[in-house]
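Have a look at the structure below before the remarks.
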Amino acid sequence: STAVVHEREARLRDGMRMMGMHPVAFYVSWILTYLLVYTFVVAGVVAMLILGNVLARTSASLLFVWLMLFAAASISYALL
């Protein structure tokens, strides 16, 4: 989230708002960026846990959804 910190320090959001960018577009861009990153990370973690027999009896889809919900909560907390 260093990009978010840099954006806040440089006040890039204020500059984009002055140029006419809608606030929803700003937040959607950050959310989609980090959801894409977290999707790959979560898929890798789920694959390692299931294929490595760490959580062999756990449903991979349930674990994926659970970790993606955690990722969504982390993203929303970071954008406060």
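Note that the structure is predicted; figures quoted are calculated from it, not measured.
A43 and F64 make their closest contact through N-CE1, 4.0 Å (heavy atoms, listed as atom of the first residue, atom of the second, distance). Nearest heavy atom pair, residue A60 against residue I50, reads CB-CG1, 4.1 Å.
By the side chain to side chain contact (heavy atoms under 4.5 Å, CB included) test, S29 pairs with no residue at all, sequence neighbours left out.
Under the 4.5 Å side-chain heavy-atom criterion for Ile, Leu, Val, Met, Phe, Trp and Tyr, V24 and L32 are members of the same hydrophobic cluster. L55 and L67 fall within the same hydrophobic cluster, where Ile, Leu, Val, Met, Phe, Trp and Tyr residues are linked whenever their side-chain heavy atoms come under 4.5 Å apart, directly or through other members. Placement of Y27 and W30 within a single hydrophobic cluster is found when ILVMFWY residues are connected by side-chain heavy-atom separations under 4.5 Å, directly or transitively.
In this structure, the side chains of M68 and L35 come closer than 4.5 Å at one or more pairs of heavy atoms.
A side-chain contact (heavy atoms from CB on, under 4.5 Å) with L63 is found for exactly one of V45, V42, V46, namely V46.
Of the inter-residue distances, the one linking F70 atom CZ with I75 atom CD1 reads 10.5 Å to the nearest 0.5 angstrom. From T39, atom OG1 reaches atom OH of Y34 across 14.0 Å, with rounding to the nearest 0.5 Å.
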